[in-house]
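Sequence lines set the chain letters: A, B, ... in the order given, protein chains first and strands last, and positions in each chain run from 1. The structure displayed is predicted, hence computed values, not measured ones.
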2 protein chains.
Amino acid sequence: MVKKYERKAVATGSGESVTLIDVARVAGVAPMTVSRALNRPELVRSETQRKVLDAVRKTGYVPNMLAGGLASSKSRLVAILVPTIANSIFSDTVQALMDGLSSSNYQTLMGLTAYSQEREEALVEAIMGRRPDGIVLAGTSHSKATIERLTKSRIPVVEIWDLADKPIDMMIGFSHEDVGKQVARHLLAKGYRKFGIVSVDDPRGLRRCESLKRELAKHRVAKPPFEVLPAPATLQAGREGLNRLLEANAPEIVVCSSDTLAQGVLAEAASRAMKVPRDIAVMGFGDLSTAAHVYPALSTVRIDGAIIGMRAAQALLARFDGETEPADVRIDTGFAIIDRQSA
Amino acid sequence: MVKKYERKAVATGSGESVTLIDVARVAGVAPMTVSRALNRPELVRSETQRKVLDAVRKTGYVPNMLAGGLASSKSRLVAILVPTIANSIFSDTVQALMDGLSSSNYQTLMGLTAYSQEREEALVEAIMGRRPDGIVLAGTSHSKATIERLTKSRIPVVEIWDLADKPIDMMIGFSHEDVGKQVARHLLAKGYRKFGIVSVDDPRGLRRCESLKRELAKHRVAKPPFEVLPAPATLQAGREGLNRLLEANAPEIVVCSSDTLAQGVLAEAASRAMKVPRDIAVMGFGDLSTAAHVYPALSTVRIDGAIIGMRAAQALLARFDGETEPADVRIDTGFAIIDRQSA
DNA sequence: CTGTTAGCGCCTTCAA
DNA sequence: TTGAAGGCGCTAACAG
């Protein structure tokens, strides 16, 4: 009986790529059986299984996922688009997401949008070429083209870090409007009346600040001075923000749209020998665990990026397993206002 | 004359995937011509080019890179393995690397090793399945299996954040031994004699510390107490480290293996009302720009992650263009000892 | 449980 | 400058 799949002599060099067929030949089975043994071992007799694994080891075979993906229309790839990973709230998210996905053998393609819809659009376009099984997007401000492309691709999408009315598909986050509102109420309840706001020019940060202003207006508080600095948020921007606020009359409390900004404000206050929160109180947003050690008087809105990432991974995996339907998932992870002001 | 490539009716629904053949049919050319128009436009008449682009727009075609990669053995994918992105020195690196590569149309697959050789090995294995065009690895401590696999895959590899004797291929970083040595000399020159060392259990950090100890020994300085804490580096670990050092007699200067650790030490010192650097001096490592605003007395070894990432991207692109040969590249990006101690 | 056949969508190679 | 044939390595679907 003549063996098949003899097409190629045994690789002599080292660069030659070993294929399924080589493994099949060594194991003395059909290529399809090797494929099964590797991907659905439960369908294969255990002895066959052993033979195949031996052959894999002997040959140093590494499955070609490009070929596998092409044949099966499953890439086992999830794309993640975030504005940056320099900010710990996003890197926590990404890290948790990767952890959750990699334990189910999904790999992640990351893209950095730098808060730009155009970049996001280009990235989505490029990434769709890889036929990812799922896409995670930070935020809900996407270009029309992006939304359309994603919608009709029917790829599972998770929008994170935000909750909005018209999700593309799944959504995991919290309401930035709610943050602004609750911060306003919280601070009003503590007796503050003279506010100052510092934000960078980032859509979500601005939404929090606008909501804060609306809530203050409702309570008939004087319209607070509002300094918007160009992105990205830096310590320097925070210092500059406080400087500008102090040119007019000093607010009792400065609300910052981000953690780094708040640290900048604190640094500037320190350099002016202002005591926090006695001379000026500061409310931050995001991860201020580092600063909190140094400035115990700092209040903050705490978001847990890791939880958002973990939930996103779970949502995708559930969807891959057919446990949920498009647009089924909408999770409010909430936020906490952590108050360290002892004013 | 009967047209070819009529295999499929025009997609009516929206989920149907558009292929090169569909575009070819719409444009009235052969599939191969579409491929050329998209990938090597210089080989195509400009009118044909226009027809193809029109058809692409009309059909909403997105090239399938799995198929393209399979056919051409080029994935336009670069894998990046780093211990974590929670640390800004690595996230800067990753960010710069992605920037550099994406402008040449490469995408990046990221993997997090959590400082574990086993995880790195598993990730390398999984990632090789995607047939990346290049791989970037942080550090030089890899398992034998990892090294062997990478070596015989002949995929361009860049090891970053370190310089060692036996590179797999390209290497961009600095010598951790040199850091330890220079820090020792620097501090000795400033007159310090009573040292304390705090490190987490991370290979590169330990190498810096060991080298520091060796240099101190050479200069006949008393063997310093050396606290090694379990990874990951946290503020808490730093505080604990200083606590332990202070149980014996207090050192004049504490050298920390990482930025976070140094911040923990500073926080603990602050909570004990110790003045830095008067009561105790602190030398950190990595990105302490945040802490520096708060603790102007902190010294640090400054590494620029962004430069390392940028250089790595350049090195890979040069290699892809055939401008360099395996093992041609070895770049010492150096480091700076930034001294803010005014003791 | 295992094997056979027929593509997946694109690009390489050669021919026109 | 464009086209046709064939194959990249794998898996779905159907037989046996």
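- Rounded to whole Å, the distance from CD on B/Gln49 to C1' on D/dT1 is 13 Å.
- In this structure, of D/dT2, D/dG9, C/dG9, it is C/dG9 that holds the atom nearest to the side chain of B/Thr19.
- Rounding to whole angstrom units, CZ of residue A/Arg25 and C1' of D/dG9 are separated by 14 Å.
- A/Phe320 pairs by the ring pair (Phe, Tyr, Trp, His ring centres under 6.0 Å) definition with A/Tyr106, not counting sequence neighbours.
- Listed in residue order, the members of residues 36-48 of chain A having a heavy atom less than 4.0 Å from DNA chain C are A/Arg36, A/Leu43, A/Val44, A/Arg45, A/Thr48.
- Under the 4.5 Å side-chain criterion, counting only non-hydrogen atoms from C-beta, A/Leu317 is in contact with A/Leu101.
- Closest approach of B/Pro132 to B/Ile135, counting heavy atoms only: CG-CG1, 4.0 Å.
- Applying side-chain contact (heavy atoms from CB on, under 4.5 Å) to B/His142 and the options B/Leu137, B/Leu150, B/Val157, B/Thr113 leaves one that passes, B/Leu137.
- Applying a 4.0 Å cut-off to non-hydrogen atoms, the residues of residues 62-74 of chain B that approach DNA chain D are B/Leu70, B/Ala71, listed by residue number.
- To the nearest angstrom, C1' of C/dC10 lies 9 Å from CD1 of B/Ile21.
- Under a 4.0 Å N-O distance rule, the pair A/Asp54/A/Lys51 does not qualify as a salt bridge.
- Put simply, CZ on B/Arg130 is 15 Å from C1' on D/dG9, counting in whole angstrom units.
- B/Arg319 is not listed as a side-chain neighbour of B/Val158, based on a closest heavy-atom distance of 4.5 Å or more.
- At the phosphate of D/dT11, OP1 or OP2 sits under 4.0 Å from a side-chain N or O atom of A/Ser35.
- The CE-P distance, from B/Met32 to D/dG7, rounds to 17 Å in whole Å.
- Side-chain N/O atoms of B/Ser17 include one lying less than 4.0 angstrom from OP1 or OP2 on C/dG9.
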